[in-house]
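Chain letters run A, B, ... following the sequence lines, proteins first and then strands; every chain starts at 1.
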Protein chains: 2
Amino acid sequence: MTRTEFSVTVDLVLLTIRQAALQVMLVRRGIPPHQDRWALPGGFVLGDEDLGDAAARELREETGLDPRDGHFEQLATYGRPGRDPRGRVVTVAYLALLPDLPTPVAGSDAAGAAWRPVDEVRGELAFDHDQILADGVERARSKLEYTPLATAFCPPEFTVADLRAVYETVWRTRLDPRNFHRKVTSADGFVESAGGTVIRDRGRPAQLFRRGPATTLHPPLLREPSRPAE
Amino acid sequence: MTRTEFSVTVDLVLLTIRQAALQVMLVRRGIPPHQDRWALPGGFVLGDEDLGDAAARELREETGLDPRDGHFEQLATYGRPGRDPRGRVVTVAYLALLPDLPTPVAGSDAAGAAWRPVDEVRGELAFDHDQILADGVERARSKLEYTPLATAFCPPEFTVADLRAVYETVWRTRLDPRNFHRKVTSADGFVESAGGTVIRDRGRPAQLFRRGPATTLHPPLLREPSRPAE
DNA sequence: TCAAAAGTGTTATAGATACACCCATGT
DNA sequence: ACATGGGTGTATCTATAACACTTTTGA
C-alpha cells in the first residue's frame, strides 16, 4: 500500500459586499510559485491544528476578524495532482461571509491584501483558485435561498433595505422592495427588531433589525421565482 | 513555516435503501487501529491520483459500481489531530447514493463488507466515522428537498411508489401518495415516462418512469410542510 | 412642494393539504 | 366480490407576484 506524503493547506474564500459589489479578499503572492499573481489567502496547516482552527487562524491573521463575526463553513477540498508545482498539496477551502469592515484590515501580515470584485478577477487567480472562488460564490448564492445567512454580510444592526441589497448583489437580480420587506419580517426568526431607526439618504427612516435565531428559512426565498403560466 | 507531512485518505459514505431502511456500506477492520470494529470503506490516496478518482476507485473495489450508477459527490474533509492514532491523517469523505444492487457485491476486496441500517450503527464506528456518517445522512436528507437525487436510490426504471418510499425512508415520514404522485409527475424534468407498467404486489399496475434531466427541483419538496395556522 | 425611500393593503395566481372518489389488478 | 395499491378531481388554504397607495424624511 503506497502512502504518499502530502502537504495540507487551508485556503479562504472571504466574501463581503463593498460598493454594491460582491468582493473577495485576495493577496498578491510575494514568492513563487505564481509570484506576483493574485491568490486566495491561506497557508499550511500546523502540526497539532484542526482544519477549521487553521482556517480561523488565517482569517484572524488576514482580517483581524473572528469566525463568529460573520458566517464560516468548510467549502470543499481540492487535491488534483499538479495543482501546486511544489508537490502534492491538498487544500481544504473555507468560505466566510463577512460584513463590510469599518475598521481597516488591522493585523494583516500580507501587505498585498485587497478586496476585489469577484467579477473582475475571473481567470486571474493562481493555482486552481478560480475554481475554488467560483464554488464559494455558488455556495453563497444557494445558501441565501434556504438560510438566513444574508445577515452575515450585514453589520450587527441593519435595515431591511440593507438585507435586500445583499440579495440583489449576490444574486444579481432586482427584488420587489415591498414584497421583500413583508417576507423578511414575517419569516419566523429571520430578523428581530433592534428598536431604533436610521435615515440612510433620503426618505422615510428605516427600522433597524438584528439577525434572528433561525438557522433555516421556511419557506425559502427562491432565486428563480415561480413564474406565471407560460 | 512548519510544513507538517500528512497522509490523505478517502472514506466513502455509501447509502442505499434495502428492506425499507436506509443502509450504509461498512467494512469490519481486519487490522489495527480499531481492529474488528466497523468502519466506512476507504483507503489512501495514491501518488498521482485526484481525490475524486481515488474515491471512485474505492467505490469500484467495494461494490463493482461506477459513480454514475447513482449519485456521487464530495461530502467534507476531516482532519482533527488525533483522529487516527497512526499519525496525521486527513480524510476526504465522499457520499454516494446507490440503488439496491441486485448483483452481489462482486469484486469486493473486503471480506467483511456489509450493508447495515444507519440507525443500528450509531456510536459503533471506528475513528470519527460516526460523525462522517451523520454528516452524510444529513446531506442526503437535505438534498432530497432541492434536487431530484432521490432517483439515485432507484434502479433505472421505477414507479412513483418506489420514489415515494425513498423519501419516506430517508426522511422518516409518511407522505400522501396522491399528492406525491401529482408533485413528482408535474415537476419539470424530475421523471419521465419509461412506457411500461409493473405490478408490485396487489393492486392496479403502476407506470414506470426514468430519471429526468432536471438537476434542481423548482419548487422544492420540503420536509417540514407549511403547516396550517396555529 | 417635491422626490425618494419605507412600509401597508389588496387582488390574482400558483402551490400545498386533505380527502372523496374512480381505476385496474390479484385473490 | 372485495381488498389493495395506482391515480384523478376538487375544495381550502398558504405563499408569491404585481402594484396602488400611504408615511416620513431631506432638499
Sorted by position of nearest nucleotide on DNA chain D, 5' first, the leading residue of B:Thr185 and A:Arg182 is B:Thr185
State plainly whether the residues A:Glu168 and A:Arg223 are in salt-bridge range, i.e. N to O under 4.0 Å.
no
Tell me the interatomic distance from A:Arg223, atom CZ, to D:dA17, atom C1', rounded to whole angstroms.
19 Å
How close or far is atom C1' of C:dG15 from atom CG of B:Leu222, stated in whole angstroms?
11 Å
Quick one: what's the B/S/- string for nucleotides 22-27 of chain C, heavy-atom cutoff under 4.0 Å, read 5' to 3'?
-BBB--
B:Trp38 ring centre to B:Arg116 NZ or CZ under 6.0 Å, with the angle to the axis within 45°?
yes
If the plane angle is over 60° it's perpendicular, under 30° parallel, otherwise tilted; pick one for A:Tyr94 and A:Phe72.
parallel
For A:Arg57, enumerate each residue passing the salt bridge (Lys or Arg N to Asp or Glu O under 4.0 Å) test, keeping only those at least two apart in sequence or located in another chain.
A:Glu49, A:Glu61
Is any side-chain N of the basic residue among B:Arg210 and B:Glu157 closer than 4.0 Å to the acidic one's carboxylate O?
yes
From A:Asp135, A:Asp11, A:Thr91, residue fulfilling side-chain hydrogen bond (donor to acceptor under 3.5 Å, both in side chains) relative to A:Tyr78
A:Asp135
Within this structure, what is the NZ-to-C1' distance between A:Lys183 and D:dA18, rounded to whole angstrom?
15 Å
Between A:Asp128 and A:Arg83, is there a salt bridge with N-O shorter than 4.0 Å?
yes
Return the residues of residues 172-181 of chain B meeting this criterion: a heavy atom under 4.0 Å from some atom of DNA chain D. Order them by number, or give none.
B:Arg178, B:His181
Charged N to carboxylate O under 4.0 angstrom, B:Glu192 versus B:Arg211?
no
Short side-chain N/O contact from A:Gln207 to OP1 or OP2 of C:dA6, under 4.0 Å
no
Measure CG/B:Leu208 against C1'/D:dG6 and give the value in whole Å, please.
13 Å
